[in-house]
Every structure is written in structure tokens, then in C-alpha cells.
Amino acid sequence: MERTRAAADRDLKPAAEENRSAGGARALSADFLFRYVALAMALLVGATLVAVVAAIAYDSWPAIKVFGVWGFLKGRTWDPVSEHFGAFPFIVGTLVSSTIAMVLAVPLSFGIAVFISELAPSWMRQPVSSAIEMLASVPSIVYGLWGLLVFAPQFANVEPWINDHLGAIPGIGVLFRGPPMGIGMLAAGIVLAIMILPYITAIMRDVFVATPTRLKESAYAMGATTWEVARNILLPYTRTAVTGGIFLGLGRALGETMAVTFVIGNSDNLSASLLMPGASIPSVIANEFTEATSKLYVSSLIYLGLVLIGITLVVQTLAVLLLGTVGRGARARS
Amino acid sequence: MISLYARRRAVNLVASTLMFVATAIGLFFLAWILWTTLKLGLHAMHWDLFVKDTPAPGTDGYGLRNAFVGSLILMVIALAIGVPVGLMAGTWLAEYGGRSRRANVVRFVNDIMLSAPSIEIGLFTYAILVAPMGHFSGLSGGVALAILMIPIIVRTTDEMLRLVAGEMREAAIALGAPMWQVVTQVTWKAARAGILTGILIALARISGETAPLLFTALNNQFYSTDLRHPIANLPVVIFQFAMSPYDNWQQMAWAAAFIAITFILVLNVCSRLILKGTVKRS
């Protein structure tokens, strides 16, 4: 395939020259135009990332000048009235809600992916796989609507149980003690977990299915159980791509806006309990952007966006590098 | 030995059960979300939704006409910008860039943009369009959605064109066709189902996007088709209405959510059918 394209490229040049000599000036100029318009669009696409970072950094400059870098990252107050802004509570909120989501979504995705590739009878694979993928096509605003009006009220009924049982565990118990409000950090984490589940599952399923049958069959032939094949053959063989898939999900979770805005509770107070309301960087931007009146306020919100880009860019770059060409179809599909 | 065997079987049984449970949990949440949206959405369906505009806070009205029209306008703008840019960029990658370093850099950036948080695209569009113009506008909303579409179209176009056999290009070149005709009349045609699928998927992806519109198109309580001013659209209406205390507003939010999901699922099914059709034919 690659060789034939190279051959085609070589053949093209004499053809173009011939065109010129045979008076094909019109065809040549159309050719030239087509090629360079295409190149210009490709370069435009290649430049977007730099443009995004530059434009957002430019607009956050007024806030950077006032609060500095460390001062903003470590600042604990977010007070629009006195115009004092610090990102710390929101950075923590973003990391905590995403961590909860990862803790829940990674094992679930692994389970589903192994189920689809190894356990399920063949007639079940395609429907189950499509259904899980469908979770990715539900728009995040619908997750938010459902999370706020349907899930949170139900979750509020479960929270007293969490209080009594998980809250009683010494050490980590403090995480699970709080008023049963439904909305809060834990609810946001759970909704996020459901949202990123299809992305991680799709990557894991693709690489598990693509693991050479010879490897799997050899293990089965030696008497390995399904679990042993999953743990000792599938996982080691696909480790890089699986890690990439996890980072891909993490990137989604960190930047997710609407669903989190609905269920996280929107409070800039830091609390040890996961049942208490909090706020993440995207949620505070979405909530306050249209209300922000002063230039410094708007600039500080955009500065928060810049911090978010900083975090997600690292995670996404890792994901793209680890994944390489794996699961590209799955990534575009969702 | 028997105990080891028994233990391995027990571990396997537990693990298999957990995998089954994980799948059941995933499917349970999907069913829960779809069922709620279906039930509450159908319950909130009313003819007025399509012929009347969104009511003022606290009043009895019922209607989403301005939001439907606004969303359609935004999608048309997004398609008008996103399809040509994405298609040409993807074509360059597959037909001219190949495996060159420059092409791989573009692919890498595109992969990152593919999963970039949509809120960042919203802030970017705000910085380059809304802030200089001085006010929120429908046009900027369409541009934000186009920026979200482009990476998906680039990706699928690139992949689909690379699947076209090199022999087809060679045959066209051998007949004396210039490269631009080879691309437009041979490779685009051969890959058109795949490219169309990519566009449909991109459209499905943006039709529910809310975050970028908060900083660009915003919302408008009234019917407006003026691209220089804020324009109503379904996702932001859902956001605003769901957070409100009014009963009729919340009902309309469910109706809007139901319509949005239906639209997306129809697009997804269409794209699958198109792809399936071509796979069978070839």
C-alpha cells in the first residue's frame, strides 16, 4: 500500500510535466490550486492547537498579571465581589471528581471488554458492544439533565447507607460522611464514570479482540481459565494501548463540563467529604461566565481554562502517544 | 493439586461473574437514561413545541420553535465551514502528505483536537470572535461547532482515502488524469460512503454540544435568525430550563432532550447503514 503510493507519486511528476508541455496549463493550474488549498487546510488544522493555547493565554493575561502563576494555582479564595481569584478549590474538584470516575470506570470497562471479547456467546457480542457505544452518543447535557433530575434524587436515598457503612470505616470513613443531598462530588464522579465508560471500553475491546488468536488459544490449550487468559495474556499483550485508553478516558473526564455542572453542587468550599458539593474548573467557568461583568473576572475564568488546558494537554498527549494507531476508528466514532 | 484446581476454578467463576455484572451495570445505566428520556420526553411532547417560541420565565407558554430553528442554523454554519476544511485537510493527509513528517505532525495535533474538551473550543472561539466583536453571536456559535467537527472529518477522510487501492490511482494517472481529477473523481468517489459516515458522525457529535455555545451563541428567548446576535439553540435551552424551578420549563427540557437524542441516534443508525451497505457491495 505504502509502496504503491510512493510509486504513484513518482509517476505523477512526469505526468504533470507532460501536461505542461502538451499545453495543459489549465489542468496544471487547477492541480496546483487543489494541492495548495488542501495543504493550507491541513496546516490550518495543524495550527489549531497552538492557536487555541495562544488565544486563551492572551485573554487570561490580565489575570496572570494580577495573580501570577503560583498565586493563582494556590489561591484558595474565589471572591467576585472583592475581585480576588484563586484556582485551588477548582483544581482539587476537577482532580477528585475525575479520580472517582477513573476508579469506577476502569474496572467496569475492563470487565465489559473481556466479557465482549472472551465470555459472551458470539450472537451477543455485537449488540452489547453497540449498546455500550451508544452511551458515548448520549450528549453530555442529557447526562446532566438525567443526573440532576433523576439520578441525584435516587442517589440521595442511598447516601444514608453510604454514611452508615462506608463512613464507619476508619481512615477513609471521613470521605463518606455528609448530608444526603444527592448532588455532590461523589454523584459527579459516578455520572462521569458512566460517560467515559464507552471510550475506555471501546479501546480495550478493540485491542483484546485484535490480540492474536494463537496466543489466546495456546493458553486455553494449556488449560488456562478465561480469567487467567485475560490477566496473563490479554493484559500484558495490550498494556500500552490499555494505558492509552485509560488516559483518553481521563482526558474526557477532566474536561467534561455540562454533566458535572449539573450534579457537582457548585460550591467553592473545599470539603473532605465526597458527599459535599464542590466545583470543577469546567463547571465554574460554565456557571459564572455569562454573569462575569468585570474584565478581571472574565479574564480569571479564562485563566482557569488555561490551567485546564495545561492539565488535559499532558494527559491527551500521553494518550495519543500510547495509543499510536490503535482504536482510531473507535475514537472518531464517538 | 485438586485444591489448586478448585481454587483456579473458583477465581475464574468469581471473575467471570464480575465481568458479567460490569456489563449489566453498563447496560443498566444506558437503559435507565434512555428510558427516562423516552418516558418524560414523550409525555412532554406537544404540537406547540414546534410552532411557538420559548416562554418568558414564570409564564404558562410552551414552545421551542426558536430553539429548533437556531440549532438548525448553527448546524448549517458548522457544516458549511467544517466539511470543506475537514475534507481538504484529510485529503491532503492521505493523498499528498502520506507518511511525511509534516503529515504526521498534523495527524498528531488532529488526534489531540479530537478529544479536546469542548469547553476549551468555546473559550477559544470567544477569544477570537466574541471578544473582538463585542457581543455573543450565532455566527461564533457555528464556528465553535465547526472547530469541533473538523478533527472528526479529517480523521475519517484520511482513513477512508487510505483504504482506496493504489492501483485505482495509478490507473487514473496512466490515463493522463491530473492529480486533482484523480482525487475528486476516483478516490473521493471510491471512499464517499466512509467520508459521508464521518460527516454524519461529526454532525451527531456537535448536535448535543452545549459548553462551547455558552460562550458563543448563548441563548435568545425570542425567534431570531440574525447571525450577529445571540441565537436560541436546543442544548443551551435544556441547560437553562433544567436548572429552573418552573414545571413547564423542566418538561420542555425533557422534550428537547428526547428530540436531541432521537436525532443523534437516527444519524448514528444512518451512518452504520451506509457503511454496512458499502462493505457488503465490495
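Keep in mind the model is a prediction, meaning the values are calculated, not measured. We name chains A, B, ... by the order of the sequence lines, and we start the count at 1 in each one.
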Asker: So do the side chains of B:Tyr126 and A:Ile56 get within less than 4.5 Å of each other, counting heavy atoms only?
Answerer: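 No. Closest side-chain heavy atoms not under 4.5 Å.
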Asker: Within a strict 4.5 Å, meaning less than it, do heavy atoms of the A:Phe151 and B:Ile33 side chains meet?
Answerer: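 A:Phe151 vs B:Ile33: side chains apart.
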Asker: Identify the heavy atoms of B:Asn268 and A:Ser137 that sit nearest to each other, and give their distance.
Answerer: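 Closest pair (atom of B:Asn268, atom of A:Ser137, distance): ND2-CB, 3.2 Å.
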Asker: Give, as side chain, backbone, both or neither, the part of B:Leu265 having an atom under 4.5 angstrom from any heavy atom of chain A.
Answerer: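 Only the side chain of B:Leu265 comes within 4.5 Å of chain A.
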Asker: Against chain A, label B:Ile25 side chain, backbone, both or neither, depending on which of its atoms sit under 4.5 Å from a heavy atom there.
Answerer: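 Side chain only.
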Asker: Quick check on B:Phe20: does its CZ atom have over 12 non-hydrogen neighbours (other residues, nucleotides or ligands) under 6.0 Å away?
Answerer: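 Check fails, neighbour count at 12 or below.
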Asker: Quick check for you: among A:Thr201, A:Ile302, A:Val150, which has the greatest number of heavy-atom pairs under 4.5 Å with chain B?
Answerer: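 Highest number of heavy-atom pairs under 4.5 Å: A:Val150.
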Asker: Identify which part of B:Leu87 has an atom lying under 4.5 Å from any heavy atom of chain A, answering side chain, backbone, both or neither.
Answerer: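 Contact with chain A: none, neither part.
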Asker: For chain B, which candidate among A:Leu306, A:Val114, A:Leu44, A:Val53 shows the most heavy-atom pairs at distances under 4.5 Å?
Answerer: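 Option with the greatest count: A:Val114.
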Asker: So, do B:Leu30 and A:Ile132 sit near enough that their side-chain heavy atoms are less than 4.5 Å apart?
Answerer: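 In short, these two side chains do not touch, never coming nearer than 4.5 Å.
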Asker: Does atom CZ of B:Arg8 have more than 12 heavy-atom neighbours, drawn from other residues, nucleotides or ligands, at distances under 6.0 Å?
Answerer: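 Atom CZ in B:Arg8 is crowded, with more than 12 foreign heavy atoms closer than 6.0 Å.
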Asker: Is chain A contacted by the side chain of B:Ala131, its backbone, both, or neither, given a heavy-atom distance below 4.5 Å?
Answerer: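 When you check distances to chain A, only side chain atoms of B:Ala131 fall under 4.5 Å.
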Asker: Between B:Ala257 and A:Leu145, which heavy-atom pair has the shortest distance, and what is it?
Answerer: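 Distance-wise, the nearest heavy atoms are CB-CD2, 3.6 Å.
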Asker: Sort B:Leu13 into side chain, backbone, both or neither according to what part of it lies under 4.5 angstrom from a heavy atom of chain A.
Answerer: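 Looking at B:Leu13, nothing touches chain A.
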Asker: Within the structure provided, determine whether A:Thr48 and B:Phe124 are in side-chain contact (heavy-atom separation under 4.5 Å).
Answerer: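 A:Thr48 vs B:Phe124: side chains apart.
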Asker: B:Arg102 vs A:Leu43, test: side-chain contact (heavy atoms from CB on, under 4.5 Å). Steps then yes/no.
Answerer: CA-CA 9 Å; B:Arg102 185 154 58 165; A:Leu43 293 181; 4.2 Å; yes
Asker: Do B:Glu209 and A:Pro139 come close enough that some side-chain heavy atom pair is under 4.5 Å?
Answerer: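 No; the side chains remain at least 4.5 Å from each other.
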Asker: For a 4.5 angstrom cut-off between non-hydrogen side-chain atoms, does B:Met179 reach A:Phe32?
Answerer: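 Not touching, per the 4.5 Å side-chain cut-off.
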Asker: Tell me which of these, B:Ile121, B:Leu214, B:Ile112, B:Ile153, has more heavy-atom pairs under 4.5 Å with chain A than the rest.
Answerer: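 Result: the option with the highest number of such pairs is B:Ile112.
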Asker: Test your reading of the model: is there a side-chain donor-acceptor pair from B:Glu120 to the backbone of A:Val52, 3.5 Å cut-off?
Answerer: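 Between the backbone of A:Val52 and the side chain of B:Glu120 there is no qualifying donor-acceptor contact (under 3.5 Å).
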Asker: Is any side-chain heavy atom of A:Ser130 less than 4.5 Å from a side-chain heavy atom of B:Arg272?
Answerer: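 Yes, their side chains come closer than 4.5 Å.
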Asker: Would the distance check show the side chain of B:Asn12 and the main-chain N or O of A:Thr225 forming a donor-acceptor pair, the cut-off being under 3.5 Å?
Answerer: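 No, because the side chain of B:Asn12 does not come within donor-acceptor range (under 3.5 Å) of the backbone of A:Thr225.
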Asker: Looking only at heavy atoms and a cut-off of under 4.5 Å, which of B:Pro117, B:Gly97, B:Ala103 has the most pairs with chain A?
Answerer: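 Option with the top pair count is B:Pro117.
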Asker: Restricting to non-hydrogen atoms, name the atom on B:Trp92 and the atom on A:Arg35 that form the minimum distance, rounded to 0.1 Å.
Answerer: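 Closest pair (atom of B:Trp92, atom of A:Arg35, distance): CD1-O, 4.0 Å.
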Asker: Tell me, side chain or backbone of A:Leu49 under 4.5 Å from chain B's heavy atoms, or both, or neither?
Answerer: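 Contact with chain B involves both backbone and side-chain atoms of A:Leu49.
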Asker: Measure across B:Ile128 and A:Ala55 and return the closest heavy-atom pair with its distance rounded to 0.1 Å.
Answerer: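 Looking at all heavy atoms of both residues, the shortest contact is CG2-CB, 4.1 Å.
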Asker: Answer with side chain, backbone, both or neither: which region of A:Ile309 has an atom nearer than 4.5 Å to a non-hydrogen atom of chain B?
Answerer: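 When you check distances to chain B, atoms from both the backbone and side chain of A:Ile309 fall under 4.5 Å.
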Asker: Parallel under 30°, tilted from 30 to 60°, perpendicular over 60°: which one fits the rings of A:Phe34 and B:Trp180?
Answerer: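 Because their plane-to-plane angle lies in the 30° to 60° range, the rings of A:Phe34 and B:Trp180 count as tilted.
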Asker: What part of B:Val21 gets closer than 4.5 Å to chain A, counting heavy atoms only: side chain, backbone, both or neither?
Answerer: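 Neither part.
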Asker: Return the option, out of A:Gly46, A:Ala51, A:Ala38, with the maximum number of heavy-atom pairs under 4.5 Å with chain B.
Answerer: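 The residue among A:Gly46, A:Ala51, A:Ala38 with the greatest pair count is A:Ala38.
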Asker: Taking A:Met134, A:Glu256, A:Met258, A:Glu228 one by one, which has the highest count of heavy-atom pairs under 4.5 Å against chain B?
Answerer: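 Top option by heavy-atom pairs under 4.5 Å: A:Met258.
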Asker: Tell me the closest heavy-atom pair linking A:Phe262 and B:Met243, and the distance in Å.
Answerer: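 Where A:Phe262 meets B:Met243 most closely, the heavy atoms are CD2-CE, 3.8 Å.
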Asker: When heavy-atom pairs shorter than 4.5 Å are enumerated against chain B, which of A:Leu254, A:Leu149, A:Leu39 gives the highest number?
Answerer: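 That would be A:Leu39.
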Asker: Quick check on B:Ser16 against chain A: is it the side chain, the backbone, both or neither that has a heavy atom closer than 4.5 Å?
Answerer: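 Answer is both: backbone and side chain atoms of B:Ser16 are under 4.5 Å from chain A.
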Asker: Are any of the side-chain heavy atoms of B:Val109 and A:Val45 separated by less than 4.5 Å?
Answerer: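 No - every pair of side-chain heavy atoms lies 4.5 Å or more apart.
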Asker: Where do B:Val106 and A:Ala42 come nearest, in terms of heavy atoms and distance?
Answerer: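 Between these two residues, the closest heavy atoms are CG1-O, 3.6 Å.
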Asker: Where on A:Leu313 is there a heavy atom nearer than 4.5 Å to chain B: the side chain, the backbone, both, or neither?
Answerer: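 Contact with chain B is through the side chain of A:Leu313 alone.
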Asker: Please look at B:Val85 and chain A and tell me whether the side chain, the backbone, both or neither of the residue comes under 4.5 angstrom of a heavy atom of that chain.
Answerer: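 Answer is both: backbone and side chain atoms of B:Val85 are under 4.5 Å from chain A.
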Asker: Report which part of B:Ile264 has an atom under 4.5 Å of a heavy atom belonging to chain A: side chain, backbone, both, or neither.
Answerer: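 Interface part for B:Ile264: side chain.
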Asker: Look at A:Leu108, A:Ile141, A:Val138 and state which one has the largest set of heavy-atom pairs under 4.5 Å with chain B.
Answerer: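 It is A:Ile141.
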Asker: Counting only non-hydrogen atoms closer than 4.5 Å, does A:Thr312 touch chain B with its backbone (N, CA, C, O), its side chain (CB onward), both, or neither?
Answerer: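 Interface part for A:Thr312: side chain.
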